[in-house]
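For reference, the structure is listed below as structure tokens.
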Amino acid sequence: MQRGSFPWRHLLYIGNSNPSHPNLLEQAVHHLPWTMTDRTGAPGHDESVITKTRPKTQRPPMYKVLLLNDDYTPMEFVVHILERFFGLTHAQAFEIMLTVHKKGLAVVGVFSFEVAETKVAQVMDFARRHQHPLQCTMEKD
Ligand code: TYC
């Protein structure tokens with residue numbers, strides 16, 4: 001684009017960076033003791049202070065949802081709960097139910113606090129409404 005032939009030629013000129021013809025912006029910057037990003041030598045500048053920041057993102061704490069064994073809740077009821085509230089296939093649900101039955105408890109899933117809390121409440125409420133003593137709890141991962 002020919003810069004000389006437009007009313008906004010000065011803007012174009014400032015933005016142009018031809019090494020053999022330093023543009024207006026470069027010339028102006030050379031008269032400054034520092035730029036906006038380089039404040040070396042500026043009042044208040046202290047080279048002994050570490051100014052680099054490390055962006056630190058924290059992952060939310062996670063919670064295990066545990067299912068406990070008892071002698072009375074029917075196996076198929078537990079399998080149904082695992083399918084319904086934890087999105088497990090019948091085979092996965094059956095396997096976890098058997099683990100609880102044999103070992104006394106099992107981790108059903110790991111979730112954020114709010115999701116774990118909701119799952120525990122759903123299981124406990126469903127079991128209570130069907131008059132089964134099934135217990136479900138959560139603990140920090
Ligand atoms: N132990 C129960 C029974 O023999 C089955 C059962 C499995 C109950 C898992 C609770 O979380 C449980 N009928």
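The shown structure was predicted, so the numbers you read here are calculated from the model rather than taken from an experiment. Atoms within a ligand are numbered from 1 in the order they appear, just like the ligands themselves.
- Ring-plane geometry between Phe126 and Phe77 is classed as parallel, the angle between the planes falling under 30 degrees on a 0 to 90 degree scale with a further cut at 60.
- Applying the side chain to side chain donor-acceptor pair (under 3.5 Å) test to residues at least two apart or on different chains, the pairs with a partner in residues 132-141 are Lys64-Glu139.
- Taking the six-membered ring for Trp and the full ring otherwise, the centers of Phe113 and Tyr63 sit less than 6.0 Å from each other.
- Every residue two or more places apart in sequence or in another chain that forms a salt bridge (charged side-chain N to carboxylate O under 4.0 Å, His left out) with Asp125 is listed here: Arg128, Arg129.
- Within 4.0 Å of ligand 1, protein heavy atoms come from Leu67, Leu68, Asn69, Asp70, Thr73, Met75, Val78, Met97, Val100, His101, Leu134.
- The closest side-chain heavy-atom distance from Thr73 to Pro133 is below 4.5 Å.
- Within the structure, salt bridge (Lys or Arg N to Asp or Glu O under 4.0 Å) pairs that include any residue of residues 92-104 do not occur (at least two apart or interchain).
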